[in-house]
Amino acid sequence: MTQKSAGLGDAPLIELRHVEKHFGDLHVLRDINLQVRRGEVLVVVGPSGSGKSTLCRTINRLETIDSGEILVEGALLPQEGKELTAMRAELGMVFQSFNLFSHMSVLDNVTLGPIQVLGMKKDEAERRAMELLERVGVAEQAKKVPAQLSGGQQQRAAIARSLAMRPKAMMFDEPTSALDPEMINEVLDVMVGLARQGMTMVVVTHEMSFARRVADRVVFMSEGQIVEEAAPADFFDHPATGRAREFLDSIK
Ligand code: ADP
Ligand code: MG
């Protein structure tokens with residue numbers, strides 16, 4: 001599903017170099033080296049506590065790092081201020097808990113960022129928001145508040161909200177883990193659609209059939225390290241390490 005870009009050089013869209021992170025005594029990210037190319041879908045798997053969420057959060061600077069470098073389009077992530085806000089907007093993030101603003105309509109959730117951060121006019125923001133809500137299949141819920149929607153609808157609205165910021169890449173941290181089983185596929189289908197349209201995506205998930213089908217590359221993390229990095233068929237059919245085999249057996 002990789003889509004090659006023209007003329008933008010060979011710099012990966014996102015690159016981590018020797019990233020280290022501790023929480024107190026806990027060494028949560030150990031010498032993480034990772035590149036995500038434009039149009040690529042990278043799926044991150046690994047046991048609970050292996051550092052997957054922390055990895056996503058450091059890419060977006062929701063967490064600081066102790067050492068190493070994080071580059072977006074070849075440039076170091078800014079530490080703070082306007083540049084950081086702008087950079088964050090370029091990397092969409094979808095969490096397990098949908099994180100919509102509960103007191104606002106779905107439509108207002110989607111227009112808030114474009115109006116406040118991108119400086120878009122309300123009419124224009126609403127027109128685009130309705131297109132996005134249409135695309136993820138919840139346009140009919142636009143005037144409702146999140147609590148009136150099912151979990152699957154809320155998560156799809158959260159994806160629309162991220163897309164409204166025109167991100168260069170989207171990060172998903174276990175986007176279906178909080179959903180009832182019958183709603184998982186409606187969210188995965190939206191993600192498959194995004195991948196097909198060439199969106200660069202980093203996806204933390206336990207949905208192995210999704211990973212097999214959509215990932216260009218699978219990264220397996222264990223105890224803060226990237227232990228394996230492989231094409232999905234290679235990883236799932238022939239994991240190289242005992243740790244990966246154990247993990248795959250545990251989720252069967
Ligand atoms: P995963 O997403 O793979 O389950 P996390 O990145 O959430 O793993 O967590 C990695 C480790 O860091 C876990 O041991 C977790 O308990 C710990 N951890 C995560 N966030 C914090 C935090 N804010 N403070 C202290 N420890 C944390
Ligand atoms: Mg996690």
Side-chain angles (χ1 to χ4, degrees), residues 14-36 41-70 72 77 79-80 84 88 91-100 151-152 154-155 158-159 162 167 169-181 183-184 187-188 191 201-212 214-215 217-230 232 235-236 239-252:
I14 301 169
E15 181 170 13
L16 284 79
R17 293 182 186 157
H18 302 297
V19 169
E20 301 278 350
K21 166 84 181 166
H22 291 77
F23 284 120
D25 291 337
L26 188 66
H27 198 171
V28 276
L29 296 179
R30 299 166 185 252
D31 194 26
I32 298 290
N33 294 284
L34 187 63
Q35 297 191 342
V36 186
V41 178
L42 184 78
V43 167
V44 182
V45 301
S48 175
S50 56
K52 305 179 300 293
S53 293
T54 306
L55 177 70
C56 286
R57 293 171 60 81
T58 60
I59 292 174
N60 229 340
R61 279 288 148 106
L62 296 170
E63 297 283 357
T64 57
I65 57 175
D66 301 338
S67 61
E69 291 177 336
I70 300 174
V72 175
L77 267 189
Q79 297 286 336
E80 56 186 10
L84 177 57
R88 268 206 193 121
L91 303 175
M93 179 107 196
V94 174
F95 302 91
Q96 180 175 334
S97 53
F98 325 121
N99 287 27
L100 292 167
Q154 287 187 56
Q155 191 61 302
I159 294 172
S162 275
M170 290 278 289
M171 283 184 281
F172 295 85
D173 189 2
E174 300 200 28
T176 61
S177 296
L179 296 176
D180 293 333
M183 292 172 190
I184 291 176
V187 171
L188 292 179
M191 294 167 63
M201 294 167 52
V202 177
V203 184
V204 178
T205 186
H206 297 298
E207 295 295 327
M208 297 303 154
S209 64
F210 171 85
R212 227 182 229 278
V214 181
R217 220 156 23 109
V218 175
V219 161
F220 170 66
M221 287 186 73
S222 174
E223 297 175 358
Q225 281 178 308
I226 292 178
V227 175
E228 293 194 31
E229 201 179 321
F235 176 73
F236 290 114
T241 62
R243 277 199 264 184
R245 277 194 292 278
E246 228 169 83
F247 169 72
L248 288 171
D249 285 344
S250 76
I251 56 167
K252 262 181 195 153

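Counting convention: from 1, in listed order, for ligands and their atoms alike.
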Legend entry - Residue among Val19, Leu29, Asp173, Leu26 satisfying side-chain contact (heavy atoms from CB on, under 4.5 Å) with Thr54: Leu29

Legend entry - Arg30, Arg57, Glu63 screened by side-chain contact (heavy atoms from CB on, under 4.5 Å) with Lys21, the one that passes: Glu63

Among all the protein's non-hydrogen atoms, which is closest to [atom], and how far away is it?
atom                    : result
atom 12 (O) of ligand 1 : Val28 CG1, 2.9 Å
atom 4 (O) of ligand 1  : Gly49 N, 2.7 Å
atom 24 (N) of ligand 1 : Phe23 CD2, 3.5 Å

Legend entry - Ser48 near ligand 1 by a heavy-atom separation under 4.0 Å: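 Yes, Ser48 has heavy atoms under 4.0 Å from ligand 1.
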
Inset, instruction - Could you tell me whether ligand 1 has any atom less than 4.0 Å away from a heavy atom of Pro47? - result: yes

Inset, instruction - Anything protein N/O/S under 2.8 Å from the Mg ion (ligand 2)? Just list residue and atom, please. - result: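 Checking every protein N, O and S atom gives Ser53 OG.
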
Legend entry - Ser50: numbered ligand 1 atoms lying under 4.0 Å from its heavy atoms: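 So the atoms of ligand 1 that pass are 1 (P), 3 (O), 8 (O).
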
At their closest point, which heavy atom of [X] faces which heavy atom of [Y], and how far apart are they?
X      : Y      : value
Pro239 : Arg245 : O-NH1, 3.1 Å
Asp66  : His22  : OD2-N, 2.7 Å
Val204 : Cys56  : CG2-SG, 3.6 Å

Taking the side chain as every heavy atom from C-beta outward, state whether [X] and [Y] have any atom pair closer than 4.5 Å.
X      : Y      : answer
Glu207 : Val43  : no
Ile159 : Phe172 : yes
Met171 : Leu91  : yes
Phe95  : Ser177 : no
Val45  : Ile251 : no

Legend entry - Protein heavy atom under 4.0 Å of atom 16 (O) of ligand 1: no

Inset, instruction - State the CD1-NE2 distance between Ile65 and His18, to the nearest 0.5 angstrom. - result: 12.0 Å

Legend entry - Gly51, Ser53, Gly46: member with heavy atom nearest to atom 2 (O) of ligand 1: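 The residue whose heavy atom sits nearest atom 2 (O) of ligand 1 is Ser53.
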
Legend entry - Proximity of Leu26 to ligand 1 by residue part, where a heavy atom lies under 4.0 Å: side chain

Legend entry - Check: Thr54 N/O within less than 3.5 Å of ligand 1 N/O: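 Right, the criterion is met.
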
